[in-house]
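All chains are named by letter (A, B, ...) in the order of the sequence lines, taking the proteins before the strands, and each is independently numbered beginning at 1.
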There are 2 protein chains.
Amino acid sequence: MQPEQIKKVNIKELARLLSLSTATVSKALKDSYEISEQTKKKVQEAALKYNYTPNPYASSLRKKKSKTIAVVLPEVDDNYFSLAIKGIQAIAEEKGYHLLMYLSHEKLSIEKAIIDACTSGRVDGVLISISKESNTASHLNQLIAEQIPVVFFDRAMDVFEAPRVITNDFESGYYAANLLLEKGCKKPVFLSVSSSLPICNLRAEGFLKALTDAGFKGKANDQLIYCDGTDAENYAQVKKLLKSKKRPDAVVGSVERLAIHAYFACQELGLTIPKDLKVVAFSSLEIAPILNPSLSTITQPAFETGKKAAEILFSNIEKPGKVKASETFILPTAYFERGSTL
Amino acid sequence: MQPEQIKKVNIKELARLLSLSTATVSKALKDSYEISEQTKKKVQEAALKYNYTPNPYASSLRKKKSKTIAVVLPEVDDNYFSLAIKGIQAIAEEKGYHLLMYLSHEKLSIEKAIIDACTSGRVDGVLISISKESNTASHLNQLIAEQIPVVFFDRAMDVFEAPRVITNDFESGYYAANLLLEKGCKKPVFLSVSSSLPICNLRAEGFLKALTDAGFKGKANDQLIYCDGTDAENYAQVKKLLKSKKRPDAVVGSVERLAIHAYFACQELGLTIPKDLKVVAFSSLEIAPILNPSLSTITQPAFETGKKAAEILFSNIEKPGKVKASETFILPTAYFERGSTL
DNA sequence: TTTATTTACGAAACCGTTTTCGGAATTTGT
DNA sequence: ACAAATTCCGAAAACGGTTTCGTAAATAAA
């Protein structure tokens with residue numbers, strides 16, 4: 001095969017081929033009123049023929065718009081986050097934006113580096129679900145300094161003002177606890193994935209409130225356990241808990257993974273769900289119904305959360321300040337009672 | 001709060017502040033030998049102080065390198081793909097590259113548009129897992145025309161020469177069938193997600209070969225069913241199959257989702273796995289052991305596939321032609337026999 | 001017919017970097 | 001002391017577009 005010398009044409013060469021100026025070509029391609037219909041047609045045909053595609057970065061440089069947004073999240077191999085991304089992507093695609101994906105791996109240091117990379121024009125906006133370690137917002141201030149809109153989804157930060165879309169976490173936690181209490185549980189425990197994430201804390205607070213309302217007197221640190229280590233550490237911790245003499249008779253997983261840990265631990269320890277342990281999880285796992293036993297979930301609208309967050313972001317990109325930084329969007333969760341709480 | 005006028009400094013202003021030229025500043029920042037240690041230090045300190053970050057697109061434009069790669073895949077809310085992305089991201093992060101994520105939603109037309117967006121300098125390389133509809137490679141030719149390295153992962157294209165990393169699909173299909181035959185299955189069926197994807201076809205061929213070797217005489221189209229519609233359509237199809245009078249006594253899901261469909265269908269139809277139907281799936285589902293019943297899987301090394309593909313891509317970005325287009329990397333699958341085939 | 005207006009295009013500046021190349025100042029060699 | 005080499009820096013030209021602004025020609029208004 002002949003190595004085709006398809007010299008990529010840029011606007012300059014295209015202009016030369018047409019005996020026009022680059023200015024005219026540029027304007028013709030974006031259907032400017034300054035150009036006659038006749039030349040517009042010629043230019044557009046030639047562009048097609050020579051397969052001209054404008055260099056996006058040259059264009060970004062001049063227009064100071066990148067048509068790109070960043071989504072930064074802790075992990076991607078997670079049911080919730082991959083659904084959220086899907087929602088974000090749906091809107092981005094609709095708007096013709098490109099999507100840069102970054103993972104913080106739950107590290108603040110990495111998150112900082114990521115935000116750094118988002119500045120200086122790389123992106124027009126940022127969607128972020130913060131890491132467990134993110135207790136300071138200093139890195140995010142760079143973004144407001146450069147007027148780059150930010151929207152939180154799921155994991156937001158209290159100390160930084162930006163629109164956020166979350167779920168009714170307190171109520172959901174309250175609901176989960178009550179459900180377990182109704183089933184006669186005496187020692188329910190909330191497995192929190194973080195002591196710093198507001199979303200987790202709200203869920204935990206709701207849970208504890210329900211216990212208090214029901215007259216429980218136990219110490220909070222018996223009812224609330226932080227599993228904020230690595231996956232392996234968390235699993236070990238859950239397993240240890242279920243093996244200890246103060247084994248709970250029910251757990252609420254603040255995230256899907258913790259509930260899964262409980263399932264595996266029970267399997268390994270020979271405990272039976274729901275007889276020995278009832279389980280509820282904040283989760284959007286589609287296959288919850290076919291787990292053994294089927295898992296009761298407080299289902300978060302992951303896809304919709306992503307969509308909504310993206311919509312807000314674009315709204316603020318197109319019209320800065322349209323959605324106020326103080327606004328919070330609460331999407332409702334849904335409760336599905338299944339085999340793990342029978 | 002005072003609206004801080006943090007005027008973002010660019011290299012020009014930084015140079016002015018230092019009474020130096022932009023050339024000197026630029027060189028100082030990248031530790032050029034042309035600049036004295038003294039000025040280097042001054043410049044670097046000033047850059048830090050004024051929080052200077054080079055505009056990435058200006059830099060890309062001049063250097064003709066974007067430090068960005070694209071990963072294009074059919075869907076993201078899929079266990080396999082999200083793990084693959086994780087692997088890709090790990091390498092990209094290590095190399096200091098940015099990751100543009102695109103979804104084709106199994107549409108060739110969208111895939112074409114995506115590839116189009118990847119040209120003209122937007123990315124330095126492309127990792128792709130093609131859509132079900134992708135039966136032509138014309139869109140990918142644009143990439144070779146612009147010398148943009150491409151690497152396939154998982155779903156490769158026969159008619160386009162690029163390095164690919166896949167699994168030992170034929171053998172795995174063969175293995176899956178044999179396992180079912182050993183269990184005494186008389187009517188095993190392969191559920192293929194596509195009639196065009198080589199990866200699927202290989203798995204199917206291995207499966208059929210095992211049947212032939214075992215002396216099966218049935219028509220291939222009774223043993224091989226294409227579920228290449230939407231999710232809902234596929235589910236309906238699987239359900240219909242399991243309800244029909246020629247209901248199979250075992251199915252092999254060419255992808256995770258099809259096996260999940262079978263689980264749900266059985267649940268709805270009152271069929272019991274593995275008694276009424278045995279199930280094996282090509283899958284990398286971590287929670288396969290806690291399904292009801294636990295799912296026998298041919299586990300694909302999703303994470304490693306992503307990593308390997310990314311490594312090859314960077315190898316070809318850094319040294320064009322390093323990995324030949326004809327090379328195929330085969331990563332081994334692992335078989336886990338669980339409750340669904342007992 | 002003269003003047004005012006509109007139409008259609010091009011020259012050139014600009015976006016923020018990087019890189020080449022030239023040259024002044026300093027150091028080294030003899 | 002003078003030539004040669006080295007060190008260190010800046011002017012200017014890219015990179016590939018977009019946008020402003022000026023203007024010649026065509027048309028409309030008087």
Tell me whether the OP1 or OP2 atom of C:dG16 has a side-chain N or O from B:Asn55 closer than 4.0 Å. no
Do the side-chain N or O atoms of A:Thr24 get closer than 4.0 angstrom to the phosphate oxygens (OP1, OP2) of C:dG10? yes
May I ask you to evaluate whether A:Tyr52 reaches the phosphate of D:dG17, defined as a side-chain N or O under 4.0 Å from OP1 or OP2? yes
Between B:Ser36 and D:dC9, does any side-chain N or O lie under 4.0 Å from OP1 or OP2? yes
B:Tyr57 vs A:Tyr57 aromatic rings, parallel, tilted or perpendicular, using cut-offs 30° and 60°? parallel
Determine: side-chain N/O of A:Ser26 to OP1/OP2 of D:dT18, distance under 4.0 Å, yes or no. yes
Distance-only donor-acceptor test, A:Lys30 side-chain atoms vs D:dG17 base atoms, 3.5 Å: no
Please give, in whole Å, the distance from C:dA8 P to A:Glu37 CD? 8 Å
Tell me whether the side-chain N/O atoms of A:Thr39 come closer than 4.0 Å to OP1 or OP2 in C:dC9. yes
Do the charged groups of A:Lys42 and A:Glu45 touch, with an N to O distance under 4.0 Å? no
Using a 4.0 Å heavy-atom cut-off, does B:Ser32 contact any base of the nucleic acid, only the sugar-phosphate backbone, or nothing at all? nothing
Would you state whether a donor and an acceptor, one from the side chain of B:Arg62 and one from the base of C:dT18, lie under 3.5 Å apart? yes
Pick base, sugar-phosphate or nothing for A:Lys64, based on heavy-atom distances below 4.0 Å to the nucleic acid. sugar-phosphate
Decide, yes or no, whether a salt bridge links B:Asp124 with B:Lys65 under the criterion of side-chain N to carboxylate O below 4.0 Å. no
Give the rounded distance in Å between these two atoms: CD of A:Glu34 and P of D:dT20. 9 Å
Quick check on D:dG10: is either OP1 or OP2 less than 4.0 Å from any side-chain nitrogen or oxygen of B:Ser21? yes
Between A:Ile11 and B:Leu20, who's closer to the 5' end of DNA chain D by nearest nucleotide? B:Leu20
